[in-house]
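The structure displayed is predicted, hence computed values, not measured ones.
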Amino acid sequence: METAICGRVSLSPNHVFNHKPGDKNSICRGPCAHRGVFMAISAAGPGKGGGVLDRPTIEKTTPGRESEFDLRKSRKTSPPYRVLLHNDNFNKREYVVQVLMKVIPGMTLDNAVNIMQEAHYNGLAVVIICAQADAEDHCMQLRGNGLLSSIEPASGGC
């Protein structure tokens with residue numbers, strides 16, 4: 001039930017909203033001086049505690065979904081992986097540099113040029129060493145842009 005009342009009042013299920021002179025449960029005693037100022041409230045049924053609102057409960061994480069902190073923790077503890085760039089004979093050097101700078105966070109022009117040249121001359125270059133999930137993501141993005149890429153565990157080899 002939604003009702004307009006004047007002033008601030010605490011409600012209980014026994015309050016009467018329609019003012020009648022002499023009504024002991026009326027919330028408006030005597031002449032209501034501020035009839036122009038109304039406030040809409042919802043009155044709860046008996047036993048609900050009147051118009052007092054309970055504090056909402058806010059669930060921090062969705063059930064079945066890890067929090068951002070848990071994801072960062074698992075990525076830090078997972079073994080590192082190398083993202084490798086393979087030389088190809090069809091992508092221009094400038095394009096390879098542009099893709100590296102677009103896909104790899106924090107990649108500078110100088111680092112991208114060095115990685116491109118290493119892949120060009122040696123056939124293979126390490127792009128970045130990171131967590132497996134990130135390595136897979138970077139590898140797929142490089143491939144999605146037409147570059148040859150793979151990943152391998154960083155713990156083995158030289």
Side-chain angles (χ1 to χ4, degrees), residues 1-15 17 27 34 37-158:
M1 172 170 111
E2 195 165 65
T3 307
I5 61 172
C6 47
R8 277 187 187 202
V9 294
S10 60
L11 300 175
S12 76
N14 296 327
H15 276 109
F17 293 104
I27 57 173
H34 302 290
V37 179
F38 292 108
M39 176 174 66
I41 61 164
S42 288
K48 298 285 186 187
V52 178
L53 297 176
D54 293 333
R55 184 181 188 123
T57 55
I58 300 171
E59 191 171 325
K60 298 286 183 188
T61 58
T62 306
R65 183 175 172 195
E66 294 179 76
S67 71
E68 186 177 323
F69 175 76
D70 292 338
L71 288 174
R72 282 188 307 221
K73 181 180 172 186
S74 68
R75 286 185 179 176
K76 286 181 183 178
T77 58
S78 65
Y81 274 72
R82 291 185 187 109
V83 177
L84 303 173
L85 176 67
H86 301 266
N87 186 38
D88 61 44
N89 293 326
F90 43 88
N91 285 309
K92 295 188 180 225
R93 295 178 189 189
E94 295 82 11
Y95 177 73
V96 173
V97 169
Q98 288 176 347
V99 170
L100 287 170
M101 289 176 29
K102 179 175 81 171
V103 169
I104 308 300
M107 179 66 67
T108 64
L109 178 62
D110 290 339
N111 286 344
V113 168
N114 290 338
I115 291 167
M116 176 274 302
Q117 286 181 339
E118 185 179 343
H120 180 73
Y121 292 117
N122 299 328
L124 190 68
V126 175
V127 176
I128 190 171
I129 298 174
C130 54
Q132 182 179 1
D134 292 331
E136 290 171 351
D137 185 48
H138 295 320
C139 182
M140 293 306 295
Q141 288 182 25
L142 291 171
R143 289 179 181 178
N145 283 281
L147 303 183
L148 299 176
S149 179
S150 63
I151 65 170
E152 68 179 15
S155 56
C158 18

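Scanning all heavy atoms of the two residues, the minimum distance from V83 to C130 falls at CG2-SG, 4.4 Å. Across N91 and G146, no two heavy atoms sit closer than the pair ND2-O, 2.8 Å.
Judged by distance alone, with hydrogens and angles left aside, the side-chain atoms of R82 form a donor-acceptor pair with the main-chain N or O of A154 at under 3.5 Å. Side chain of Y95 to backbone of N145: a donor-acceptor contact under 3.5 angstrom is found.
Remark: R143 CZ to S150 OG distance equals 7.0 Å, nearest 0.5 Å. In this structure, CD1 on I151 lies 10.0 Å from CE on M140, to the nearest 0.5 angstrom. With rounding to the nearest 0.5 angstrom, the CG atom of L142 is 10.0 Å from the NZ atom of K102.
Inter-residue side-chain proximity for L100 and I115 is flagged as met; some heavy-atom pair is nearer than 4.5 Å. At a threshold of 4.5 Å between non-hydrogen side-chain atoms, the residues T108 and N111 count as touching. For the pair L84/S149, no side-chain contact is recorded, criterion being any heavy-atom separation below 4.5 Å from C-beta on. Put simply, the side chain of M101 reaches to within 4.5 Å of the side chain of L109, judged on heavy atoms. Between L85 and L148, the closest side-chain pair of non-hydrogen atoms is not below 4.5 Å. Between M107 and V127 the shortest side-chain heavy-atom distance falls below 4.5 Å. Considering only heavy atoms from C-beta on, P105 comes within 4.5 Å of H138 through its side chain.
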| request: List the steps, then state whether side-chain contact (heavy atoms from CB on, under 4.5 Å) holds for N87 with L124. | output: CA-CA 6 Å; N87 186 38; L124 190 68; over 6 Å; no
| request: Quick one: do E118 and N114 satisfy side chain to side chain donor-acceptor pair (under 3.5 Å)? Show the steps, please. | output: CA-CA 6 Å; E118 185 179 343; N114 290 338; over 6 Å; no
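Under 3.5 Å, the side chains of E94 and Q98 contain no donor-acceptor pair of N or O atoms.
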